[in-house]
Amino acid sequence: MFYRVTHLRKNYFCFRCFFFSSVRLKVQQFLANPKACLYFCDEENFQGITLIGEMEVLLEEEEKRSFWKDEYRMYYANGEDLSDFAVLKFNRISGNYYHDFIVEYI
């Protein structure tokens, strides 16, 4: 996954959540192998952060309900029953913060 962000902070990401349809291939891949790596960059300021960790697939309805927003209804045909709604929670193990031609290990 590649994301463009502004104003990176090296301690900003302990965990990050993403939302997918539960039948998507990426969800199935993380269920089989949770290892993940994310990269965020701020091209204008020449900063970037690489995060290495594990992606947890939240399957319990209680867990998923806390992330649900009514705006998502247009993307998920089953709506609030959440059967097609998957939450991927990224848990950081380590990472690198790149700025000013320096690499900091975080």
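All figures in this text were calculated on a predicted structure; none of them were measured in a lab.
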Minimum heavy-atom separation for Asn91 to Glu56, with atom names?
->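 Distance-wise, the nearest heavy atoms are ND2-OE1, 3.3 Å.
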
Which value, rounded to the nearest 0.5 Å, describes the distance between [X] atom [atom1] and [Y] atom [atom2]?
X     : Y     : atom1 : atom2 : result
Gln47 : Asp42 : CD    : CG    : 5.5 Å
Tyr39 : Thr50 : OH    : OG1   : 6.0 Å
Glu54 : Lys89 : CD    : NZ    : 12.5 Å
Lys69 : Tyr75 : NZ    : OH    : 12.0 Å
Met55 : Cys37 : CE    : SG    : 10.0 Å
Ile52 : Asn96 : CD1   : CG    : 6.5 Å

[X] versus [Y]: any side-chain heavy-atom pair under 4.5 Å?
X     : Y     : result
Arg65 : Leu82 : yes
His99 : Ile49 : no
Phe30 : Gln28 : no
Ile93 : Leu51 : no

Stepwise side-chain hydrogen bond (donor to acceptor under 3.5 Å, both in side chains) test for Glu104 and Tyr98 = CA-CA 7 Å; Glu104 291 184 43; Tyr98 308 97; over 6 Å; no

Report yes or no: is the cationic atom of Lys64 (NZ for Lys, CZ for Arg) closer than 6.0 Å to the six-membered ring centre of Phe67, at no more than 45° off its axis?
->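 No, a cation-pi geometry is absent between Lys64 and Phe67.
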
For the side chain of Asp100 and the backbone of Ile102, is there at least one donor-acceptor N/O pair under 3.5 Å apart?
->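 Not at all, since once roles are kept as given, no pair shorter than 3.5 Å links the two residues.
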
Step by step, would you call Val103 with Tyr97 a side-chain contact (heavy atoms from CB on, under 4.5 Å)?
-> CA-CA 6 Å; Val103 178; Tyr97 174 51; over 6 Å; no

How about Phe46: does its CZ atom have over 12 heavy atoms from other parts shown lying under 6.0 Å from it?
->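 Counting other residues, nucleotides and ligands, CZ of Phe46 stays at 12 neighbours or fewer.
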
